[in-house]
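For reference, the structure discussed in these notes is given below.
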Amino acid sequence: MISIDAEPFPFELDLAATALVVIDMQRDFIEPGGFGAPRGNDVSGGAAIVPTVRRLLGGARTAGLTIIHTRECHRPDLSDCPPTKRDRGAPSLRIGDVGPLGRVLIAGEPGAEIVPELCPLDGEHVIDKPGKGAFHATGLGDLLAGKGITQLIFAGVTTEVCVQTTMREANDRGFECLLAEDATESYFPAFKQATLDMIRAQGAIVGWTATTPVIAAALTGGTVP
Ligand code: TIU
């Protein structure tokens, strides 16, 4: 076991039973013209964490962790997209509409792809998910069970939406969850801070938080990738 300096108390990491889950680092969420920007969001924060997520990925790859990338996206016929999700808020670009990055949040379109700097490598897993949580309507639970994974390290966007939803799903399924607090971002700084606070409150009611340098050093035996 490796003890990671985390909040609210150290996270005891079992490398063989741990996966890194990188949530939705897709062009649609972190580049102008995708899903995020037409909803009035400043998407620059997502782009700013790309080097940090890459550093965490590097540590996880060096340690030989199971690595999972998720993408929030829908089938081209929208059969897995509830109309309530598509229509809510009347954005200028709805899911499925054609924008500068192709059809918004549709599998196979440029905007649904993970940013090139974080491109999945051979042997890493990519989970396409129609919801905010990565366990809902996907094979993630079976994949993790098949590998004997019991601990999850999280990064990605956005902190209070898809990251937090997935952490809560995982926590309810018995996983121990550690969020890399500088490798996640929200469109709303106050929501990110509130999410970090609520995750680790009440004695890690949802999970732990720690910084990427600390996690990466623990994964690589002190060598910072
Ligand atoms: N990936 C993810 O968080 N999906 C969202 O819709 N996030 C927002 O903050 N809107």
Side-chain angles (χ1 to χ4, degrees), residues 20-50 52-53 56-57 68-75 78 80-97 99 101-115 117-118 120 125-138 140 152-171 177 179-196 198-199 206-207 209:
L20 173 66
V21 184
V22 181
I23 302 278
D24 300 357
M25 289 299 289
Q26 299 160 255
R27 299 182 63 195
D28 270 336
F29 291 113
I30 67 179
E31 291 185 21
F35 177 88
R39 283 159 184 77
N41 298 308
D42 172 3
V43 298
S44 59
I49 63 164
V50 168
T52 311
V53 179
L56 186 64
L57 258 176
I68 293 158
H69 305 257
T70 70
R71 301 186 296 200
E72 182 177 349
C73 58
H74 296 276
R75 297 188 191 121
L78 294 173
D80 60 353
C81 182
T84 47
K85 179 178 182 182
R86 184 163 191 247
D87 296 337
R88 193 173 305 150
S92 56
L93 273 180
R94 297 185 306 169
I95 294 169
D97 289 350
L101 302 179
R103 294 182 68 201
V104 175
L105 286 194
I106 298 297
E109 297 287 331
E113 294 302 325
I114 292 166
V115 295
E117 299 92 325
L118 306 176
H125 303 272
V126 179
I127 298 280
D128 284 347
K129 61 186 186 60
K132 305 306 185 196
F135 287 84
H136 168 67
T138 73
L140 179 60
L152 300 172
I153 300 172
F154 284 94
V157 292
T158 63
T159 315
E160 80 281 10
V161 182
C162 291
V163 175
Q164 180 173 211
T165 301
T166 303
M167 284 187 75
R168 288 177 179 275
E169 286 182 324
N171 189 46
C177 299
L179 175 59
E181 61 186 66
D182 49 353
T184 183
E185 194 51 277
S186 168
Y187 301 131
F188 305 89
F191 289 176
K192 174 178 175 178
Q193 187 58 50
T195 302
L196 297 178
M198 69 177 79
I199 282 170
V206 176
T209 65

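First listed ligand is number 1; within each ligand, the first listed atom is number 1.
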Arg103: salt bridge (charged side-chain N to carboxylate O under 4.0 Å, His left out) partners, not counting sequence neighbours: none

Protein residues near ligand 1, heavy-atom distance below 4.0 Å? Asp24, Phe29, Phe35, Glu72, Lys132, Val157, Thr158, Val161, Cys162, Tyr187

Is the shortest heavy-atom distance from the side chain of Asn41 to the side chain of Phe188 under 4.5 Å? yes

For Thr195, what residues pass the side-chain contact (heavy atoms from CB on, under 4.5 Å) criterion, not counting sequence neighbours? Thr159, Glu160, Gln164, Ile199

Salt bridge check, Lys132 against Asp24: does any charged N sit closer than 4.0 Å to a carboxylate O? no

Strictly by salt bridge (Lys or Arg N to Asp or Glu O under 4.0 Å), give each pair with a member in residues 183-196 just once, sequence neighbours left out. none

Ignoring hydrogens and geometry, is there a side-chain-to-backbone donor-acceptor pair from Lys85 to Ile95 under 3.5 Å? no

